[in-house]
Amino acid sequence: MKKLLFIIVLLLLVSFHANAGDKIGIPAKGGYPEYLFLEKVNKNEAESTAEMISKALGKGRLVIFAQMGKLTDPKLGDKGFTGDVFVEQWKASLEAEFMSASPTQKRIIDKLIWAGKLAMDNNQDRLNVKGVKWKHFLPAKWARETGLMFNSRTGIVTKQPSINYRHPSNVPDAKETEILTIFVKEGTAAKAQGEFAMMGKQKVYRYFDPIHLMPPCLACHGKPKGELDMLGFEKDGLNAGDIIGLISVTVAVEK
Ligand code: HEC
C-alpha cells in the first residue's frame, strides 16, 4: 500500500515537472469563436459599425470633457451629472450621426449607450465628494469603463492604446503599436484606418482612429516632459494637435 502511494506521489511530481517545462503566457488553443463574440456584423457593415462605435466613444468623451470644470469644482457636492443626464447630452450629440444605422447597428449602439450610462452611474460616489478637486475621473476613464461593460454584453473590444499609456489595459498590441507609429509620423494628417484580421478562429474587423490632443489636455499630457502632472503621472511632453493614442475597435464579422 505504502509502495503504491509512493509511486502515485512520484508520478504526480513527474507530471508537475513536465508542466513546469511548458511555455507560460501563450494563448490557449482551440475554443469556439462564439465564446468571445456575441454580436457579429455583416462584412459590408463592419467598417461603418466600427466607425460608429469609435465616433460615439469620441463624442461621449467630449460630453464629459465639457463637464470637467464642474466635476473638479471642490466647492460642489452633488454635481447632478448622473447617467441619465449624461446620456441625454450624449444621445443629442449622436442623433444626426446615426440616422442611417442598420437595425444591427442600432442594437449595438443601444448597448454602447447602456454601458456608457452605467459607467457614469458607477462613478457617482466618487464624483459627488465635496472638498476635493481631482476625483480621478476623466474622459479616458469613462471610455475605458464603458468599453469593459460594452465588451461584456457584445464581445466587441474597444481600447485606447497610447504612446505612454497610463492605464495597463491600454497597452498597445503589436498591430496597435504599428498603427500608432504610422500615426505619430503622419501627425495632423493621420486618418482613421481599418482592416480585416483573425482573432483565433473568428474573422474580425479592426479599426484605428487617432486621438489628437487639445490645449486643455496639456495640463497632463503636455510639457515639460517628465514633470509630474496633478495626478502624479509624468507628463508626456506633447503639443496640442499631437497624436496621444487611438481608439481601437474590434468587431466580429459573420461568415
Ligand atoms: C488631469 C490629467 C489629465 C488630463 C487633463 C487629460 N488626461 Fe488623458 N489620461 C489621464 C489619466 C490619469 C489617464 C488614465 C485613465 C484611466 O484609464 O483610468 C489618461 C488616459 C488617456 C488616454 C488612454 C491611454 C492611457 O494613458 O491609458 C488617452 C488617449 C488620453 N488620456 C487622452 C487625453 C486627451 C485627448 C485629453 C484632453 C481632451 C486628456 N487625455 C486629458 C490624465 C489626463
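None of these values were measured; they are calculated from a predicted model. All ligand and atom numbering here is 1-based and tracks the order in the structure.
- In summary, the side chains of Gln160 and Arg166 do not present any donor paired with an acceptor at a separation below 3.5 Å, with no hydrogens or angles considered.
- When only non-hydrogen protein atoms are considered, atom 39 (C) of ligand 1 lies nearest to His221 CD2, 3.4 Å.
- Heavy-atom proximity to atom 28 (C) of ligand 1, evaluated over Arg61, His167, Arg166, Arg144, is greatest for Arg61.
- Ionic pairing of Glu234 and Lys225 is not present here: no N-O contact between side-chain nitrogen and carboxylate oxygen is shorter than 4.0 angstrom.
- The proximity of Ser162 to ligand 1, defined as any non-hydrogen pair under 4.0 Å, is limited to the side chain.
- Those atoms of ligand 1 with a heavy atom of Leu231 less than 4.0 angstrom away are 1 (C), 2 (C), 12 (C).
- The nearest heavy-atom contact from the protein to atom 43 (C) of ligand 1 is Leu138 CD2, 3.3 Å.
- In Ser169, neither the side chain nor the backbone holds a heavy atom less than 4.0 Å from any atom of ligand 1.
- Of all protein heavy atoms, the one lying nearest to atom 27 (O) of ligand 1 is Asn170 ND2, 2.7 Å.
- For ligand 1 and Trp134, the ligand atoms under 4.0 Å from any heavy atom of the residue are 1 (C).
- Contact check on Lys91 versus Glu95 returns no salt bridge, with no Lys/Arg side-chain nitrogen under 4.0 Å from an Asp/Glu carboxylate oxygen.
- Which parts of ligand 1 touch Pro216 is read off a 4.0 Å heavy-atom cut-off, strictly below it: atoms 5 (C).
- Ligand 1 lies nowhere less than 4.0 angstrom from a heavy atom belonging to Gly245.
- Atom 37 (C) of ligand 1 has Cys217 SG, 1.8 Å as its closest protein atom, hydrogens excluded (heavy atom only).
- Ring pair Trp114/Phe150: centre-to-centre distance not below 6.0 Å.
- The main-chain N or O of Val253 is never found under 3.5 Å from a side-chain atom of Lys43 such that the two would form a donor-acceptor pair.
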Check your understanding: Yes or no on side-chain hydrogen bond (donor to acceptor under 3.5 Å, both in side chains) for Thr104 and Glu45, after CA distance, side-chain angles and deciding distance?
Key -> CA-CA 9 Å; Thr104 304; Glu45 274 183 8; 4.5 Å; no
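- Within a 6.0 Å radius of NZ in Lys106, other residues, nucleotides and ligands contribute more than 12 heavy atoms.
- Shortest contact from atom 4 (C) of ligand 1 to any protein heavy atom: Cys220 SG, 3.3 Å.
- For the residue pair Lys223/Asn239, the side-chain donor-acceptor check at 3.5 Å is satisfied.
- Atom 29 (C) of ligand 1 has as its closest protein heavy atom Ile211 CD1, 3.6 Å.
- When only non-hydrogen protein atoms are considered, atom 24 (C) of ligand 1 lies nearest to Gln160 O, 3.2 Å.
- Distance from atom 20 (C) of ligand 1 to its nearest protein heavy atom, with residue and atom name: Ala140 CB, 3.3 Å.
- Close contacts between ligand 1 and Met214 involve ligand atoms 38 (C) [criterion: under 4.0 Å to a heavy atom].
- Residues Lys75 and Asp73 are paired through a salt bridge, judged by an N-O separation under 4.0 Å between the basic side chain and the carboxylate.
- Using modelled atom types, one finds a donor on one side chain and an acceptor on the other under 3.5 Å when comparing Gln202 with Lys40.
- Close approach of ligand 1 to Phe65 (heavy-atom distance below 4.0 Å) involves ligand atoms 38 (C).
- Closest of all the heavy-atom pairs between Phe137 and Ile64 is CE2-CG2, 3.7 Å.
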